[in-house]
Protein chains: 2
Amino acid sequence: MARMRITIKDIAERAGVSKTTVSFAFNDPRKISKATCERVMAIADELGYVPDPVARTLTTKRIGAIGLLLPQPMHEALKNPYLTELLQGIGAACLEHETSLLIVPPIKGRLLEAASRAAVDALLAIGVGPDHSIVDLIRKRHIPLLTIDGKPSAGMANVGIDDEEAAYTLMRYVTGLGHRDIAIVELETESYNEPAERSSLVRDRRRAGFGRALQEAGSLSPRVYSAVCSVEGGRAAAARILADGKASAIVAMADIVALGIMEHCAACGLSIPADISIVAFDDIEMAALLPPGLTTVRQPGFDKGYEAGRVLLGMLKGAEPEQISMNAELIVRGSAAALSSDAARALPFAAAAGTKA
Amino acid sequence: MARMRITIKDIAERAGVSKTTVSFAFNDPRKISKATCERVMAIADELGYVPDPVARTLTTKRIGAIGLLLPQPMHEALKNPYLTELLQGIGAACLEHETSLLIVPPIKGRLLEAASRAAVDALLAIGVGPDHSIVDLIRKRHIPLLTIDGKPSAGMANVGIDDEEAAYTLMRYVTGLGHRDIAIVELETESYNEPAERSSLVRDRRRAGFGRALQEAGSLSPRVYSAVCSVEGGRAAAARILADGKASAIVAMADIVALGIMEHCAACGLSIPADISIVAFDDIEMAALLPPGLTTVRQPGFDKGYEAGRVLLGMLKGAEPEQISMNAELIVRGSAAALSSDAARALPFAAAAGTKA
DNA sequence: CCATAAAGCTAAACCGCTTTAGGCTCGGGC
DNA sequence: GCCCGAGCCTAAAGCGGTTTAGCTTTATGG
């Protein structure tokens with residue numbers, strides 16, 4: 001039989017002092033004499049005592065961890081390096097506050113339950129709006145909540161970018177290059193299971209931005225595809241797009257998908273950007289490395305994560321919820337170019353637009 | 001003033017029943033009448049009651065989370081996609097057991113303290129040997145521990161690969177290609193702060209494997225460099241290597257570093273593998289994507305994570321600690337070739353070695 | 001020499017839940 | 001009419017710490 005864990009009571013008895021004294025020895029040694037403290041510590045050491053973090057939490061109300069609610073299981077969510085960058089930022093903020101990070105994926109597709117079971121001091125949630133049932137739950141739990149890529153709303157902390165604007169900028173760039181046959185690759189989100197809550201705030205705002213740009217370019221109507229958020233998902237989407245024929249430019253919702261698209265196109269003998277233009281969102285590290293370099297709207301993943309963590313941890317210390325909007329910037333690399341040959345000549349303005357963000 | 005949290009006591013009073021009954025309503029409804037259960041739940045709902053996970057844990061001894069001890073802060077550790085793959089595997093295992101994952105980086109460089117504060121049911125630790133002080137601490141806490149890339153030892157759960165063999169295979173391959181001037185790029189590990197415990201088990205075993213291969217190839221002595229584990233670290237290392245001149249082949253300890261090296265070499269006008277061969281460990285997804293494809297020893301990151309999680313969570317249910325050794329496989333792509341021109345001709349066997357793993 | 005404060009320590013309440021051991025009621029079998 | 005068991009519910013004892021309020025003792029100093 002596994003010997004029971006050593007508790008504070010054991011130490012107290014062995015040292016001939018009260019539990020209070022032992023507790024003081026660990027938490028606030030000034031409250032007791034040096035001699036007693038040392039004796040207690042020696043005994044604690046000898047017996048191999050480690051304070052139980054859970055028991056401590058019950059009274060202190062601080063467990064030293066914040067949670068991150070993932071819309072998908074980890075093995076899917078982490079396929080997107082953008083999330084990894086976000087995590088790095090969150091991690092950097094946690095480090096400053098000596099806090100750990102609990103990754104909380106949905107349990108059997110239900111995130112709500114996972115969220116209510118999570119033993120944390122505060123929560124971060126990706127892509128949930130103010131009317132999501134999660135928000136209500138967290139309010140009941142009386143712990144701070146901050147959304148990332150959520151919808152700004154009164155009293156609710158959020159950090160994100162202006163996705164409508166970002167999408168508009170990107171699509172303007174593409175249409176400015178003369179493209180008329182555009183394929184948009186959205187993300188298959190099998191996230192939160194309440195159907196009513198499945199709508200992706202980000203996707204909706206981007207759709208709006210795209211729509212505006214397409215309208216301005218002459219009421220173009222793009223073909224819309226959807227892909228699992230991964231390299232493989234990108235490849236599959238590319239295959240479908242190429243099979244359908246018509247696109248001269250592909251706009252993906254995530255760089256990681258775009259990389260898969262680029263690879264598939266290259267493997268099919270297409271040259272990028274001569275034969276096909278590809279652009280996306282995020283600006284993950286690999287976007288710059290893979291030739292010819294992916295033109296993309298930079299999302300400050302690390303910074304978003306850091307700010308999110310900073311604000312949330314601040315709220316734990318009494319700070320007010322903040323709403324931070326970071327700016328997205330079009331990073332022009334080599335994966336998109338003016339519509340080639342005759343098409344390009346027919347639209348002389350397109351060539352010049354390339355340098356303007 | 002923030003209204004106090006609703007507790008089980010509030011529900012009990014309002015419903016005119018005992019705390020026990022309320023508890024039963026939530027955990028084992030069969031123990032009470034349907035009518036009572038419904039009434040209690042209705043009131044709980046009305047008052048916005050959410051059971052406190054911490055309080056529950058104190059008696060049940062299950063918090064529904066396992067921890068992952070990181071040797072470095074998150075913002076550094078996650079620069080290596082290999083870790084991300086590991087996380088995906090762990091996440092997949094956690095999913096099956098409806099468990100969350102607590103990421104535990106060192107607090108102020110001290111992982112020990114972080115480990116003792118972590119409220120988890122079990123712990124995963126990367127790269128710690130059986131004599132590491134962490135092991136002792138976890139034993140005191142009486143929770144299961146499994147090491148990843150640790151040293152197999154009696155009674156201690158571990159999953160890893162045979163790094164000595166893997167390194168030997170890789171270096172054999174390189175020397176087999178005729179390379180004599182070899183640069184090895186190790187990882188700067190600023191991990192665990194106890195100097196005595198800083199030794200990386202993985203690094204030591206790989207050094208041994210390299211040594212054996214180099215010995216067999218004629219007592220070659222490589223130049224050893226070290227790099228931060230990131231693309232940027234790879235670039236910096238490459239700059240130093242190129243400045244020093246002599247290397248015809250570079251062996252990096254991690255793909256992500258190799259990618260940086262490849263990029264820098266390419267940017268310097270070197271052609272890979274004609275001018276310089278580059279190989280590494282891990283086989284992250286990008287290794288295949290970046291032309292000409294990185295030759296690398298595949299580490300089954302996802303599988304390691306999955307097995308680690310599976311075994312650890314099994315231990316929580318009473319299973320015995322297992323020691324799993326997965327196998328590493330040399331994946332030959334385009335980044336390494338026989339030593340070119342005159343040198344290659346002088347060593348005719350080298351060209352053929354390329355296809356043999 | 002006595003009031004007073006400071007230092008060191010402790011008993012007991014408390015945090016919010018689970019779980020054990022029983023209590024009460026009611027119906028049925030003999 | 002009595003005993004027994006089933007069904008429903010509860011009081012109270014934890015779980016392992018922290019914290020409050022207070023009790024001794026020993027210096028302080030007027």
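Here the structure is a predicted model, which is why all the values come from computation and not from measurement. Computed over heavy atoms, backbone and side chain alike; hydrogens, waters and symmetry mates excluded. Per chain, numbering begins at 1; letters A, B, ... match sequence-line order.
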Quick tally for nucleotides 4-17 of chain D: nucleotides whose base has a protein heavy atom under 4.0 Å get B, sugar-phosphate-only ones S, the rest -, giving -----SBBB-BBBB
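- Of the N and O atoms on the side chains of A:Thr20 and A:Ser23, not one donor lies less than 3.5 Å from an acceptor on the other residue.
- A salt bridge does not link B:Glu98 to A:Arg117: none of the charged nitrogens lies less than 4.0 Å from a carboxylate oxygen.
- By the 4.5 Å heavy-atom criterion applied to side chains, A:Leu70 and A:Leu78 are not counted as neighbours.
- The interatomic distance linking A:Ile63 (CD1) with D:dT18 (C1') rounds to 15 Å, in whole Å.
- Between B:Asp28 atom CG and C:dT20 atom P there is a gap of 12 Å when expressed in whole angstrom units.
- A salt bridge does not link A:Lys79 to A:Glu76: none of the charged side-chain nitrogens sits closer than 4.0 Å to a carboxylate oxygen.
- Here B:Asp131 does not pair with B:Lys151 in a salt bridge; the nearest charged N to carboxylate O distance is not below 4.0 Å.
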